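Predicted model only: the values in this text are computed from it and were never measured. Note: hydrogens, waters and symmetry copies are ignored here, and every other heavy atom, side chains too, is used.
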Amino acid sequence: MKPLLSRRGFSALLASTGALWVVGCGQYAAEQGVAYAPWDFPNGETTPERIAVAAAILAASPHNTQPWLFAITPEAIDVFADLDKSLDAMDPLGREMHIGLGCAIENLSIAAAAQGRTTEVTWLPTPDDATHVAHVALSEAPRSASALYAALPHRHTNRGAYLNGVPPKALEPALRALVDDADVDLTFLGTTGDKATFRASSIDATHAIVNDHEMWNASHRWWRQTKADIEKYRNGLTIDAMGFGSALRALAKAAGKPSAEKAGDYWIASMENAHTTGFAFCILSTQARDDRQQQLRTGRIFQRIALWAASQGLAIHPLNQMAERQDREQQLSLTPDYGPRLAELTGRQTSGAQMLFRIGVEWDPALSSPRRPIGWVTK
(Lines give C-alpha, C1' and ligand atoms only; values in the text may rest on other atoms or scores of the structure.)
Protein backbone atom coordinates (compact mmCIF):
# COMPACT_ATOMS: atom_id res chain seq x y z
CA MET A 1 0.00 0.00 0.00
CA LYS A 2 1.36 3.42 -0.89
CA PRO A 3 1.94 5.62 2.17
CA LEU A 4 -0.57 8.43 2.62
CA LEU A 5 2.18 10.96 3.29
CA SER A 6 5.86 10.37 3.93
CA ARG A 7 7.65 11.82 6.94
CA ARG A 8 11.07 11.60 5.30
CA GLY A 9 10.94 14.97 3.58
CA PHE A 10 10.07 16.81 6.76
CA SER A 11 12.86 15.16 8.77
CA ALA A 12 15.31 15.83 5.96
CA LEU A 13 14.45 19.52 6.07
CA LEU A 14 15.54 19.77 9.68
CA ALA A 15 18.62 17.64 9.14
CA SER A 16 19.73 19.85 6.24
CA THR A 17 19.85 22.87 8.55
CA GLY A 18 22.08 21.08 11.03
CA ALA A 19 19.31 21.00 13.63
CA LEU A 20 19.96 17.35 14.43
CA TRP A 21 23.70 17.48 15.00
CA VAL A 22 23.46 16.98 18.75
CA VAL A 23 21.49 13.71 18.62
CA GLY A 24 23.00 11.21 21.00
CA CYS A 25 25.08 13.80 22.88
CA GLY A 26 24.89 14.32 26.61
CA GLN A 27 25.72 11.77 29.25
CA TYR A 28 24.64 8.75 27.21
CA ALA A 29 23.74 8.01 23.62
CA ALA A 30 20.18 7.46 22.48
CA GLU A 31 18.90 3.94 21.78
CA GLN A 32 22.13 2.21 22.79
CA GLY A 33 22.72 -0.51 25.36
CA VAL A 34 21.06 -3.70 26.56
CA ALA A 35 17.75 -1.95 27.28
CA TYR A 36 17.18 -1.50 23.56
CA ALA A 37 18.22 -4.98 22.37
CA PRO A 38 14.60 -6.27 22.05
CA TRP A 39 14.03 -3.81 19.21
CA ASP A 40 16.46 -5.91 17.15
CA PHE A 41 13.46 -8.14 16.56
CA PRO A 42 13.31 -11.14 16.90
CA ASN A 43 16.48 -10.67 18.92
CA GLY A 44 17.80 -14.21 18.47
CA GLU A 45 14.53 -16.04 19.15
CA THR A 46 13.86 -18.98 16.80
CA THR A 47 10.67 -20.78 17.86
CA PRO A 48 7.24 -19.45 16.81
CA GLU A 49 5.95 -19.05 20.35
CA ARG A 50 9.00 -17.15 21.59
CA ILE A 51 9.09 -14.95 18.49
CA ALA A 52 5.44 -14.13 19.23
CA VAL A 53 6.36 -13.05 22.76
CA ALA A 54 9.37 -11.11 21.44
CA ALA A 55 6.83 -9.15 19.39
CA ALA A 56 4.45 -8.74 22.34
CA ILE A 57 7.05 -6.98 24.47
CA LEU A 58 7.41 -4.29 21.78
CA ALA A 59 3.77 -3.25 22.15
CA ALA A 60 2.52 0.11 23.37
CA SER A 61 1.63 0.42 27.06
CA PRO A 62 0.69 3.28 29.42
CA HIS A 63 3.82 5.20 30.47
CA ASN A 64 5.80 2.31 28.97
CA THR A 65 5.05 0.31 32.11
CA GLN A 66 4.99 -2.97 30.12
CA PRO A 67 2.42 -4.53 32.51
CA TRP A 68 2.62 -8.08 31.17
CA LEU A 69 3.82 -11.55 32.08
CA PHE A 70 3.73 -14.62 29.84
CA ALA A 71 3.63 -18.39 30.32
CA ILE A 72 4.96 -19.96 27.11
CA THR A 73 4.55 -23.45 25.64
CA PRO A 74 4.61 -24.54 21.97
CA GLU A 75 0.83 -24.98 22.10
CA ALA A 76 -0.24 -21.80 23.88
CA ILE A 77 0.78 -18.51 25.45
CA ASP A 78 -0.97 -17.34 28.59
CA VAL A 79 -0.97 -13.59 29.23
CA PHE A 80 -1.10 -12.15 32.76
CA ALA A 81 -1.30 -8.64 34.18
CA ASP A 82 1.75 -7.71 36.25
CA LEU A 83 0.17 -5.72 39.07
CA ASP A 84 3.57 -4.43 40.16
CA LYS A 85 3.46 -2.31 36.99
CA SER A 86 0.31 -0.46 38.00
CA LEU A 87 0.12 3.30 37.52
CA ASP A 88 -1.87 3.56 40.76
CA ALA A 89 -3.66 6.94 40.97
CA MET A 90 -2.84 7.69 37.33
CA ASP A 91 -4.81 4.60 36.28
CA PRO A 92 -6.94 3.91 39.36
CA LEU A 93 -9.41 1.61 37.59
CA GLY A 94 -6.77 -0.40 35.68
CA ARG A 95 -8.34 0.59 32.36
CA GLU A 96 -5.10 1.67 30.68
CA MET A 97 -3.21 -1.36 31.99
CA HIS A 98 -5.68 -3.66 30.25
CA ILE A 99 -5.56 -1.66 27.04
CA GLY A 100 -1.77 -2.12 27.10
CA LEU A 101 -2.21 -5.86 27.60
CA GLY A 102 -4.51 -5.92 24.58
CA CYS A 103 -1.78 -4.17 22.58
CA ALA A 104 0.66 -6.95 23.50
CA ILE A 105 -1.85 -9.63 22.44
CA GLU A 106 -2.27 -7.98 19.04
CA ASN A 107 1.49 -7.95 18.44
CA LEU A 108 1.69 -11.56 19.61
CA SER A 109 -1.05 -12.66 17.19
CA ILE A 110 0.45 -10.83 14.21
CA ALA A 111 3.89 -12.36 14.84
CA ALA A 112 2.46 -15.84 15.40
CA ALA A 113 0.69 -15.69 12.02
CA ALA A 114 3.97 -14.74 10.32
CA GLN A 115 5.58 -17.79 11.96
CA GLY A 116 2.90 -20.21 10.76
CA ARG A 117 0.60 -20.23 13.79
CA THR A 118 -3.03 -19.24 14.07
CA THR A 119 -4.18 -17.82 17.38
CA GLU A 120 -7.43 -18.42 19.23
CA VAL A 121 -7.86 -16.04 22.15
CA THR A 122 -9.90 -16.94 25.22
CA TRP A 123 -10.42 -13.81 27.28
CA LEU A 124 -10.28 -13.89 31.10
CA PRO A 125 -10.03 -17.69 31.18
CA THR A 126 -9.63 -18.13 34.96
CA PRO A 127 -12.55 -16.55 36.87
CA ASP A 128 -10.77 -16.68 40.24
CA ASP A 129 -7.58 -15.08 38.86
CA ALA A 130 -8.21 -11.57 37.55
CA THR A 131 -4.58 -11.27 36.46
CA HIS A 132 -5.01 -14.07 33.89
CA VAL A 133 -6.27 -11.92 31.02
CA ALA A 134 -5.94 -14.27 28.04
CA HIS A 135 -5.15 -17.81 26.91
CA VAL A 136 -3.84 -17.77 23.35
CA ALA A 137 -3.95 -21.21 21.74
CA LEU A 138 -1.49 -21.77 18.89
CA SER A 139 -2.18 -24.06 15.91
CA GLU A 140 -0.07 -24.76 12.85
CA ALA A 141 -1.08 -22.93 9.67
CA PRO A 142 0.55 -21.48 6.54
CA ARG A 143 2.80 -18.52 7.27
CA SER A 144 1.00 -15.20 6.87
CA ALA A 145 3.35 -12.23 7.08
CA SER A 146 1.96 -8.72 6.58
CA ALA A 147 2.88 -5.06 6.48
CA LEU A 148 1.89 -4.91 10.15
CA TYR A 149 4.37 -7.66 10.96
CA ALA A 150 7.11 -5.76 9.13
CA ALA A 151 6.23 -2.66 11.15
CA LEU A 152 6.63 -4.34 14.57
CA PRO A 153 10.19 -3.10 15.29
CA HIS A 154 9.51 0.32 13.76
CA ARG A 155 6.45 1.38 15.77
CA HIS A 156 7.36 3.99 18.36
CA THR A 157 5.27 6.57 20.16
CA ASN A 158 6.20 10.01 18.84
CA ARG A 159 5.63 12.75 21.41
CA GLY A 160 7.16 15.50 19.28
CA ALA A 161 5.60 18.07 16.99
CA TYR A 162 3.59 16.94 13.98
CA LEU A 163 2.74 18.71 10.75
CA ASN A 164 -0.49 20.63 11.22
CA GLY A 165 -3.01 20.55 8.41
CA VAL A 166 -6.11 19.04 6.90
CA PRO A 167 -6.12 15.22 7.12
CA PRO A 168 -5.87 13.35 3.81
CA LYS A 169 -9.30 12.20 2.63
CA ALA A 170 -8.16 8.57 2.72
CA LEU A 171 -7.11 8.70 6.38
CA GLU A 172 -10.45 8.37 8.16
CA PRO A 173 -11.78 5.44 6.06
CA ALA A 174 -8.42 3.69 6.37
CA LEU A 175 -8.59 3.91 10.17
CA ARG A 176 -12.21 2.75 10.25
CA ALA A 177 -11.29 -0.29 8.16
CA LEU A 178 -8.92 -1.39 10.94
CA VAL A 179 -11.71 -1.46 13.54
CA ASP A 180 -13.19 -4.93 13.09
CA ASP A 181 -14.78 -5.29 16.54
CA ALA A 182 -18.50 -4.56 16.83
CA ASP A 183 -18.06 -3.31 20.40
CA VAL A 184 -15.40 -0.72 19.49
CA ASP A 185 -16.26 2.61 17.84
CA LEU A 186 -13.85 5.15 16.38
CA THR A 187 -14.50 8.89 16.56
CA PHE A 188 -12.41 10.86 14.06
CA LEU A 189 -11.95 14.55 14.87
CA GLY A 190 -10.37 16.22 11.86
CA THR A 191 -12.18 19.56 11.48
CA THR A 192 -10.71 22.77 12.84
CA GLY A 193 -13.52 23.15 15.38
CA ASP A 194 -13.41 19.56 16.63
CA LYS A 195 -9.64 19.67 16.98
CA ALA A 196 -9.80 22.95 18.91
CA THR A 197 -12.34 21.48 21.34
CA PHE A 198 -10.27 18.32 21.88
CA ARG A 199 -7.11 20.35 22.30
CA ALA A 200 -8.59 22.73 24.88
CA SER A 201 -10.11 19.95 26.98
CA SER A 202 -6.90 17.90 26.84
CA ILE A 203 -4.91 20.88 28.09
CA ASP A 204 -7.46 21.42 30.87
CA ALA A 205 -7.15 17.76 31.85
CA THR A 206 -3.35 17.99 31.88
CA HIS A 207 -3.54 20.90 34.33
CA ALA A 208 -5.95 18.88 36.48
CA ILE A 209 -3.59 15.89 36.55
CA VAL A 210 -0.55 17.99 37.46
CA ASN A 211 -2.52 19.75 40.20
CA ASP A 212 -3.66 16.39 41.63
CA HIS A 213 -0.43 15.62 43.48
CA GLU A 214 -1.20 11.97 44.17
CA MET A 215 -2.02 11.39 40.53
CA TRP A 216 0.97 13.31 39.19
CA ASN A 217 3.47 11.71 41.59
CA ALA A 218 2.19 8.28 40.54
CA SER A 219 3.07 9.25 36.98
CA HIS A 220 6.40 10.91 37.77
CA ARG A 221 7.83 7.83 39.48
CA TRP A 222 8.07 6.19 36.04
CA TRP A 223 10.62 8.76 34.85
CA ARG A 224 14.01 7.19 33.99
CA GLN A 225 16.66 9.90 33.90
CA THR A 226 20.03 8.12 33.68
CA LYS A 227 21.53 5.28 31.70
CA ALA A 228 21.83 3.33 34.96
CA ASP A 229 18.09 3.75 35.61
CA ILE A 230 17.23 2.75 32.06
CA GLU A 231 19.31 -0.42 32.23
CA LYS A 232 18.05 -1.29 35.72
CA TYR A 233 14.33 -0.98 34.96
CA ARG A 234 14.14 -1.16 31.14
CA ASN A 235 10.72 0.47 31.17
CA GLY A 236 9.20 3.87 31.89
CA LEU A 237 9.62 7.28 30.28
CA THR A 238 13.00 8.55 29.10
CA ILE A 239 14.37 11.82 27.78
CA ASP A 240 15.05 10.34 24.35
CA ALA A 241 11.49 9.05 23.95
CA MET A 242 9.77 12.29 25.02
CA GLY A 243 9.89 14.06 21.66
CA PHE A 244 12.31 16.79 22.74
CA GLY A 245 14.64 18.36 20.19
CA SER A 246 18.21 17.11 20.09
CA ALA A 247 19.73 20.09 21.91
CA LEU A 248 17.14 19.92 24.70
CA ARG A 249 17.73 16.18 25.10
CA ALA A 250 21.45 16.78 25.63
CA LEU A 251 20.79 19.55 28.15
CA ALA A 252 18.20 17.49 30.02
CA LYS A 253 20.59 14.56 30.40
CA ALA A 254 23.21 16.84 31.90
CA ALA A 255 20.77 18.62 34.22
CA GLY A 256 19.66 15.69 36.36
CA LYS A 257 16.19 14.34 37.08
CA PRO A 258 13.60 17.13 37.19
CA SER A 259 11.34 17.57 40.19
CA ALA A 260 7.72 16.53 39.78
CA GLU A 261 6.79 20.23 39.71
CA LYS A 262 9.26 21.04 36.93
CA ALA A 263 8.27 17.95 34.95
CA GLY A 264 4.64 19.04 35.22
CA ASP A 265 5.53 22.46 33.83
CA TYR A 266 7.31 20.81 30.88
CA TRP A 267 4.33 18.56 30.21
CA ILE A 268 1.84 21.42 30.21
CA ALA A 269 4.05 23.45 27.87
CA SER A 270 4.38 20.45 25.55
CA MET A 271 0.61 19.94 25.54
CA GLU A 272 0.06 23.57 24.62
CA ASN A 273 2.48 23.27 21.72
CA ALA A 274 3.89 20.05 20.23
CA HIS A 275 1.52 17.47 21.73
CA THR A 276 -1.63 18.91 20.21
CA THR A 277 -0.43 19.17 16.61
CA GLY A 278 -1.36 16.74 13.85
CA PHE A 279 -3.95 15.81 11.25
CA ALA A 280 -6.63 14.53 13.63
CA PHE A 281 -7.52 13.36 17.12
CA CYS A 282 -9.22 9.98 17.50
CA ILE A 283 -11.18 8.30 20.28
CA LEU A 284 -11.81 4.55 20.59
CA SER A 285 -14.93 3.90 22.67
CA THR A 286 -16.96 0.92 23.85
CA GLN A 287 -20.44 0.52 25.28
CA ALA A 288 -19.25 -0.90 28.62
CA ARG A 289 -16.30 1.27 29.59
CA ASP A 290 -15.43 -0.73 32.73
CA ASP A 291 -15.60 -4.12 30.98
CA ARG A 292 -12.16 -5.77 31.07
CA GLN A 293 -12.67 -7.73 27.88
CA GLN A 294 -13.71 -4.62 25.97
CA GLN A 295 -10.64 -2.80 27.29
CA LEU A 296 -8.39 -5.63 26.12
CA ARG A 297 -10.04 -5.70 22.69
CA THR A 298 -9.70 -1.93 22.41
CA GLY A 299 -5.98 -2.40 22.99
CA ARG A 300 -5.81 -4.81 20.08
CA ILE A 301 -7.47 -2.24 17.81
CA PHE A 302 -5.22 0.59 18.96
CA GLN A 303 -2.06 -1.46 18.43
CA ARG A 304 -3.24 -2.42 14.95
CA ILE A 305 -3.79 1.25 14.14
CA ALA A 306 -0.36 2.16 15.50
CA LEU A 307 1.35 -0.53 13.40
CA TRP A 308 -0.60 0.52 10.31
CA ALA A 309 0.41 4.13 10.90
CA ALA A 310 4.07 3.12 11.15
CA SER A 311 3.75 1.21 7.87
CA GLN A 312 2.37 4.38 6.25
CA GLY A 313 4.98 6.84 7.49
CA LEU A 314 2.55 8.33 9.99
CA ALA A 315 3.03 8.98 13.71
CA ILE A 316 0.77 8.13 16.66
CA HIS A 317 0.71 9.56 20.19
CA PRO A 318 -1.77 8.61 22.95
CA LEU A 319 -3.44 11.63 24.57
CA ASN A 320 -5.48 10.03 27.33
CA GLN A 321 -5.66 12.88 29.84
CA MET A 322 -9.43 13.34 29.57
CA ALA A 323 -10.07 9.61 30.05
CA GLU A 324 -7.60 9.50 32.95
CA ARG A 325 -9.44 12.34 34.66
CA GLN A 326 -12.76 10.57 34.04
CA ASP A 327 -11.33 7.53 35.86
CA ARG A 328 -10.11 9.70 38.74
CA GLU A 329 -13.48 11.41 39.05
CA GLN A 330 -15.14 8.00 39.18
CA GLN A 331 -12.67 6.71 41.78
CA LEU A 332 -13.10 9.71 44.09
CA SER A 333 -16.85 10.25 43.41
CA LEU A 334 -16.15 13.76 42.11
CA THR A 335 -18.62 15.79 40.10
CA PRO A 336 -18.28 14.47 36.53
CA ASP A 337 -16.50 16.85 34.18
CA TYR A 338 -14.46 14.94 31.63
CA GLY A 339 -16.98 12.15 31.07
CA PRO A 340 -19.53 14.67 29.77
CA ARG A 341 -16.85 16.39 27.67
CA LEU A 342 -15.92 13.07 26.06
CA ALA A 343 -19.57 12.15 25.53
CA GLU A 344 -20.06 15.43 23.65
CA LEU A 345 -16.99 14.80 21.49
CA THR A 346 -18.11 11.27 20.58
CA GLY A 347 -21.81 12.05 20.26
CA ARG A 348 -22.74 9.45 22.88
CA GLN A 349 -25.11 9.78 25.83
CA THR A 350 -22.34 8.75 28.21
CA SER A 351 -18.60 8.51 27.71
CA GLY A 352 -17.35 5.09 26.73
CA ALA A 353 -13.95 6.53 25.82
CA GLN A 354 -11.16 4.00 26.22
CA MET A 355 -8.24 5.25 24.12
CA LEU A 356 -7.51 8.76 22.82
CA PHE A 357 -4.70 9.59 20.40
CA ARG A 358 -3.47 11.93 17.70
CA ILE A 359 -2.19 10.99 14.26
CA GLY A 360 -0.09 12.91 11.78
CA VAL A 361 3.28 13.37 10.12
CA GLU A 362 6.19 13.75 12.52
CA TRP A 363 8.79 16.47 12.11
CA ASP A 364 11.49 14.41 13.85
CA PRO A 365 11.62 10.60 13.88
CA ALA A 366 10.68 8.99 17.18
CA LEU A 367 13.39 7.36 19.26
CA SER A 368 12.73 3.97 20.83
CA SER A 369 11.93 3.33 24.48
CA PRO A 370 13.66 0.72 26.69
CA ARG A 371 12.19 -2.80 26.80
CA ARG A 372 12.43 -5.67 29.24
CA PRO A 373 13.69 -8.92 27.67
CA ILE A 374 11.66 -12.13 27.52
CA GLY A 375 13.53 -13.54 30.49
CA TRP A 376 12.17 -10.75 32.67
CA VAL A 377 8.52 -11.22 31.72
CA THR A 378 7.99 -15.00 31.72
CA LYS A 379 6.37 -17.03 34.50
Side-chain angles (χ1 to χ4, degrees), residues 1 37-61 66-82 98-155 174 177-184 292-312 371-379:
M1 182 183 296
W39 289 106
D40 187 20
F41 176 75
N43 195 30
E45 300 298 341
T46 58
T47 63
E49 63 275 13
R50 289 185 66 85
I51 290 173
V53 173
I57 65 178
L58 301 181
S61 65
Q66 303 170 41
W68 40 66
L69 293 168
F70 305 93
I72 309 171
T73 71
E75 294 77 29
I77 300 167
D78 286 277
V79 185
F80 298 84
D82 183 352
H98 284 80
I99 290 172
L101 290 162
C103 291
I105 291 165
E106 180 67 8
N107 267 20
L108 184 159
S109 299
I110 289 169
Q115 299 303 313
R117 297 292 185 273
T118 60
T119 54
E120 182 177 350
V121 180
T122 302
W123 300 107
L124 308 173
T126 309
D128 60 351
D129 183 1
T131 70
H132 191 189
V133 298
H135 174 81
V136 185
L138 304 174
S139 303
E140 290 192 19
R143 290 175 180 260
S144 179
S146 65
L148 301 188
Y149 176 74
L152 286 171
H154 306 294
R155 181 221 61 83
L178 296 167
V179 182
D180 63 354
D181 190 316
D183 288 326
V184 181
R292 290 299 190 215
Q293 187 180 142
Q294 291 187 15
Q295 292 165 356
L296 291 160
R297 284 156 44 204
T298 298
R300 291 198 67 170
I301 298 294
F302 173 71
Q303 186 69 17
R304 191 178 309 153
I305 288 173
L307 290 169
W308 175 84
S311 77
Q312 297 295 299
R371 295 287 149 159
R372 294 181 296 154
I374 291 180
W376 289 23
V377 296
T378 49
K379 291 171 71 76

Measuring from [X]:[atom1] to [Y]:[atom2], what's the distance to the nearest 0.5 Å?
{"X": "Arg300", "Y": "Ile305", "atom1": "CZ", "atom2": "CD1", "value": "13.0 Å"}
{"X": "Arg117", "Y": "Thr119", "atom1": "CZ", "atom2": "OG1", "value": "12.0 Å"}
{"X": "Leu138", "Y": "Thr73", "atom1": "CG", "atom2": "OG1", "value": "7.0 Å"}
{"X": "Glu49", "Y": "Glu75", "atom1": "CD", "atom2": "CD", "value": "8.0 Å"}

Salt bridge Lys379-Asp78, side-chain N to carboxylate O under 4.0 Å |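 Salt bridge: no.
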
Over all heavy atoms of both residues, which pair between [X] and [Y] is shortest? Give the atoms and the distance, please.
{"X": "Ala174", "Y": "Trp308", "result": "CB-CZ2, 3.6 Å"}
{"X": "Pro127", "Y": "Pro125", "result": "CD-O, 3.5 Å"}
{"X": "Trp39", "Y": "Leu152", "result": "CZ3-O, 3.8 Å"}
{"X": "Ile77", "Y": "Ala52", "result": "CD1-CB, 4.0 Å"}
{"X": "Pro67", "Y": "Leu101", "result": "O-CD2, 3.2 Å"}
{"X": "Leu108", "Y": "Ala56", "result": "CB-CB, 4.1 Å"}

Does [X] reach the side chain of [Y], with side-chain heavy atoms less than 4.5 Å apart?
{"X": "Leu178", "Y": "Ile301", "answer": "no"}
{"X": "Val133", "Y": "Trp68", "answer": "no"}
{"X": "Arg372", "Y": "Asp82", "answer": "yes"}
{"X": "Ile51", "Y": "Thr46", "answer": "no"}
{"X": "Ser146", "Y": "Ile110", "answer": "yes"}
{"X": "Trp123", "Y": "Ile105", "answer": "yes"}
{"X": "Arg304", "Y": "Leu148", "answer": "yes"}
{"X": "Leu58", "Y": "Pro38", "answer": "yes"}

Could you walk me through whether Phe70 and Ile374 pass the side-chain contact (heavy atoms from CB on, under 4.5 Å) test, one step at a time?
-> CA-CA 9 Å; Phe70 305 93; Ile374 291 180; over 6 Å; no

Checking [X] side chain against [Y] main chain: does a donor-acceptor pair fall under 3.5 Å?
{"X": "Asn107", "Y": "Ala55", "result": "yes"}
{"X": "Arg155", "Y": "Ser311", "result": "no"}
{"X": "Glu45", "Y": "Ala54", "result": "no"}
{"X": "Arg297", "Y": "Asp181", "result": "no"}
{"X": "Gln303", "Y": "Gly102", "result": "no"}

Candidate pair Leu124 and Leu296, rule side-chain contact (heavy atoms from CB on, under 4.5 Å), full reasoning = CA-CA 10 Å; Leu124 308 173; Leu296 291 160; 4.2 Å; yes

All salt bridge (charged side-chain N to carboxylate O under 4.0 Å, His left out) counterparts of Asp129, not counting sequence neighbours =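 With sequence neighbours excluded, Asp129 shows a salt bridge (charged side-chain N to carboxylate O under 4.0 Å, His left out) to no residue whatsoever.
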
Classify the side-chain pair Gln295/Arg292 by whether it contains a donor and acceptor separated by less than 3.5 Å.
->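 Gln295 vs Arg292: donor-acceptor pair found between side chains.
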
Is the Tyr149 ring parallel, tilted or perpendicular to the Phe41 ring (thresholds 30°, 60°)?
->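 If you compare the ring of Tyr149 with that of Phe41, the planes turn out perpendicular.
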
